[in-house]
Structures are given as C-alpha cells and as structure tokens.
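Following: one structure in structure tokens, then a few remarks.
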Amino acid sequence: MQNADKKRLHPGVLALILALLAVPALIALGVAVWDDRRFYIVSLLIILVSMAPFVLRFEKRRPGARELTLLAAMTAIGVAARAAFYMVPQFKPMVAIAVITGVAFGAESGFIVGAMIAFVSNFIFGQGPWTPWQMEAAGLMGLLAGLIFHRKDGSLPKLLPLCVFGGLGTLILYGLIVDTSTVFTTQKEITWQALTAAYGTGLVMNLIHAAATVVFLLLLARPMLKKLNRLRVKYGMLQ
Amino acid sequence: MRRDAFSDIHPAVSFALFAAVLVLTAFVLHPAVTGISLVSACIYTIVLKGRRALLFDLLAVLPFIIVVAALNPLFNHEGATPLFYLWNGNAVTKEAVVYGLVSACMFAALIMWFYCMNAVMTSDKVIFLFGRVLPALSLIFSMTLRFVPRLVSRIREVSAAQKSTSPPMKKGVVSGVRHGISVISVTVGWALESSVVMSDSMRSRGYGGRGRTAYALYRFTARDALLAALAAAFTAAFVWAAASKAVYFRSYPSVKCAPMSVGAVIGLAAFAGLCLMPALLNAWENVKWRILSSKL
C-alpha cells in the first residue's frame, strides 16, 4: 500500500477478500469431491458471503454507544416478542420489528436488527442449519423496508403500503428463502417438483407468518415509530 | 446441565471442534460417517444432559427425519433400480430411498450437534471469541441477552401497576387485548428511553476510548493445545481419506461405496475420534478423579 493512512489493511477487508477468493475455490472443490452435496455447500457459502459486506461495513464505521444500545433494545424487543408468541406456530413478530427498525433507522440498521433477532432468538428456539437463511431473510426484509420507507426527516410512512410490503415480503421473500433452504439442505438435485412441494407445504406457514407481520405492523408500526420520533426530538438522535 | 469437562476447555478449541464436526457431517454424505456423527452426538447429549433429555431431543428431531426421508424418493426419480411405481408412473428407486435415509440421518445428526453446541458454547464464550473480531455486533449480542430478561420482568411490573391503579378490569378478550397493548406500549417506551440512558452512561465511563479490555476467563493451557492438536490431526486424517476417495459413497446413478481399506479404516477411526472427543474427555477426567480420590 502506498497511502500512509492505508498502511494497515483493515482485518474486515482482508476477511472479505479472502472470502471472495475462497468461494470459487470451494465451489470447485465441492463439485469435484462432494458432488452429492454441492447445492448445500455452495448455497451456504453464498449466504455467508452476502452477509459479510453488511457486517464488515457496520463494524468498520465504529458505531457509537447510542446507536448500539438502541439497536440492542430493538433486537431485544423482537426476541421477547417472538418468545411471547411461542405457543402460536409461525405467528412471529420478528419481521415486523425488523421492518419498523428499517423504516426508523435506515436499511443498514434494519438488516443488522433483523439478522440479530433471528440469531439471538434461535438460542431459545434452537439453532440449526436454517439459522443463516433465517438471518439473511429477516435481515433483507429490514434492509428493503429501510430502502423503500426510510425518510431522513423522520416522517411516518403510510400504513397501507407498509402493511402490503410487510405481508407480501414475508410471504414471498422470507418464505422463498427459508423454503428453498430446506430443499438445498436435504435434496441432492434441485428439481422443480421438490421446490414446488416445499413451497406448497410451506405455503400455510408462510401465510400465517405474513398475516402475523401485517397484524403486528398494524398494531405496532405507528406507536413505535412515534416513540422513536420522540427520541429524535428529545435527545437529537437518528439525525 | 451436568458437570462437563469439555465445557471447561478453551472456547476457541471447543468452537473449532464443533465447527469441524458440523462441517464434515454436513459435507460428507456417507452412511458410516453420518452414523458415527449421530451416535456420538447422542452419547455426548447423555453426558451433557442425561438420558431423558436425549429421548426428548430425539423426539423433537423425529418429524424432520420422517419428512426428509420421505421427500426425496417421492420427488427424485433418478437411479438404476426401481423398487415400485407411483400412481403417476414415476419410479421410487432404491437409490433415492438410500439417499433420503442417509440425508435424513445427516440432518438429525446436525440438529443434535447444534443442541450440544447450544449447551456448551454459552453466550459469554461467544462474546469472548468474537469480541475482538466483531466488537460492535458482539456488544449488541451481549446487551440483547441482558435486555430480554429485563424486558420480561418490566412487563410484569407494568402489568401489576396498571391493574392496581386503574378501575377493575372487565372480563373479556377486548379489554384483555387493550390491557396488553398498553402494557407493551409502556414497556417499549421504557426500553427505548433506558437505552439512551445506558448509552450516556457508557460514554461517561469511557466507551469508544482506546485500550478496550475484555473479561477473559480462559487461558490457553497445555491441555487445550494437546486437544487442539489431536482434533487437527483427526480432521486432517479424515479429510485426506475423503479426498483420496478411500472414504467414498455415492447413491446415484447406483448405490456405490468404496470397499473397506486401510485408508477407510484410518479415516473413519479419525472421524470417530473427533466426534467422541467431548465424551472421551469426560470419561478421562472421571478416571483421573477416581484415581486421585482413591489415593487419599
């Protein structure tokens, strides 16, 4: 490196470069040695590598104490809410909280909180091969919500488009990612029949989940966004 | 949880061992490998949590196994030996059944290992390992773990306070939901405000300054080094055996398994050694304890 201030390569950047170099090599290895499991290996690697940039960017800009405690509070609300609805299968507020965070704090925070809720709550509900996919799916919902609905001046979005986005996003994006992971984890060859079977059996669960997201957005989005707005006025945060 | 010697070793070693077992189990689909992994996970579950917990965990895993084992032959009709034909003329092949069974056991083994990992890799170990690499995310992780029980106890307090100050609640779903919403609203407001207070406190105590230290309970001892070297040697031997196709299994187009050879025995023994290390460490510590106490 010629630049004086760039003398030390950030470990995160180094990890990203290594990951990008390692993926093609591992894909080649997977195809050559483990031809039975190549879909699983390659898809898992792609998920991990696609999460890396967000994580590294977040770490690299060294977020301040206020941002960290707020994101932790939002994550905790999401985890506690998921635990509260433990008895109702798939009626999870996880995506709704990620969406609200994305709307209030922007795309990056939405991704971090969505992924963290999935990760931390799986310590209660059980970690498994599905954890990376759930993290990616919930994170993407927060990210998209931030990209579409986040306004710098903190104005509240209309409830109807937000609920439509939350419902459809949960049904299609979240459901598709998580159901595809089931096929990738368990099948050797990816066939249309296996995929449609997985989507078909997952459809009821995904519909419940989408309904849950809409209900929670209807109930929580306005009051929570108002509370977050109040923090902005009271403490000069989220500017 | 019972006293477990493997939980006392350096987190880097236990994490690396779990990672190696999980990756090898997930990537090498071979009946013997899957069987070794599943049986070892069950043995270690008994060591960690006892027989009843093993039964409970296995019952939780059972639906997954049935679905996975049934799904593959129904949708995958490759393979040379048809067993019978479905109503739509598609063949259920021996190869697809074998693949479904093996991958179902693989799935079960992975979940059982994740259960063990949940018990051993406690949150303080996760933070200890990743606090340097991902400081901001580890901090969010640890603060979240502290926030959740605080939120729950706060919800109880707010609920009790509201019941005592407002006129007696009417029975019924509507008033119950209304009560719940107001409790949640108060608690969420409190959580957000208290996170601001917390961050101010963090800043006044010097968060973000230089020279951050970590609460580290673990030292890398000679025993940790020995265990890490053993695990690395086992992993290397098994990867060698798998790469040289001494340990080899395929289900398509026809079921084929590499014949038993010296390489296969070495590879499978190495993998068994790796998977059984947590349980064997416990057995070894028990023997040591017996010897020491018998000398008294």
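Lettering of chains follows the sequences in order, A, B, ..., and the numbering in each one begins at 1. Remember, predicted model here, so these are calculated numbers, not experimental data.
Neither the backbone nor the side chain of A/Pro223 comes within contact range of chain B; no heavy atoms are under 4.5 Å apart. For B/Leu145, the part lying near chain A is the side chain, with the backbone staying farther off; criterion is any non-hydrogen pair under 4.5 Å. Of the atoms belonging to A/Leu219, it is side-chain heavy atoms, and not backbone ones, that fall under 4.5 Å from chain B.
Panel note: side chain B/Ser199, backbone A/Ala65; no donor-acceptor pair is recorded below 3.5 Å.
B/Ser195 OG to A/Leu71 CG: the interatomic distance, rounded to the nearest 0.5 Å, is 9.0 Å. Distance check, rounded to the nearest 0.5 Å: CE of A/Met74 to CD1 of B/Ile140 gives 12.0 Å. Rounded to the nearest 0.5 angstrom, B/Asp200 CG and A/Tyr235 OH are separated by 8.0 Å. Annotation: the span from A/Glu59 atom CD to B/Ser138 atom OG amounts to 6.5 Å, rounded to 0.5 Å. The OG1 atom of A/Thr69 sits 8.5 Å away from the CZ atom of B/Arg203 when rounded to the nearest 0.5 Å. Atoms OG1 and CD1, on B/Thr187 and A/Ile77 in that order, are 9.0 Å from each other to the nearest 0.5 Å.
One finds no salt bridge joining A/Lys227 and B/Glu193 here, because no Lys/Arg side-chain nitrogen approaches an Asp/Glu carboxylate oxygen to under 4.0 Å.
Note: B/Val196 leads B/Val188, B/Val196, B/Val23 in heavy-atom pairs under 4.5 Å with chain A. Taking chain B as the reference chain and counting heavy-atom pairs below 4.5 Å, the highest number among A/Ala72, A/Gly64, A/Gly78 is found for A/Ala72. The residue among B/Ile181, B/Leu134, B/Ile111 with the most heavy atom pairs within less than 4.5 Å of chain A is B/Leu134. When each of B/Ser185, B/Gly189, B/Ser201 is scored by its heavy-atom pairs under 4.5 Å with chain A, the top score falls to B/Ser185.
Nearest heavy atoms, B/Ala191 versus A/Ala73: O-CB, 4.2 Å.
Around the CZ atom of A/Arg61, the shell of radius 6.0 Å holds more than 12 heavy atoms that belong to other residues, nucleotides or ligands. Within a 6.0 Å radius of OH in A/Tyr199, other residues, nucleotides and ligands contribute more than 12 heavy atoms.
Taking the side chain as every heavy atom from C-beta outward, A/Ile112 and B/Leu137 approach each other to under 4.5 Å. At a threshold of 4.5 Å between non-hydrogen side-chain atoms, the residues A/Thr75 and B/Phe141 do not count as touching.
Using non-hydrogen atoms only and a strict 4.5 Å limit, the part of residues 147-159 of chain B facing chain A consists of B/Phe147, B/Val148, B/Leu151.
Remark: B/Ser142 pairs with B/Ile127, B/Leu139 by the side-chain contact (heavy atoms from CB on, under 4.5 Å) rule, at least two apart or across chains.
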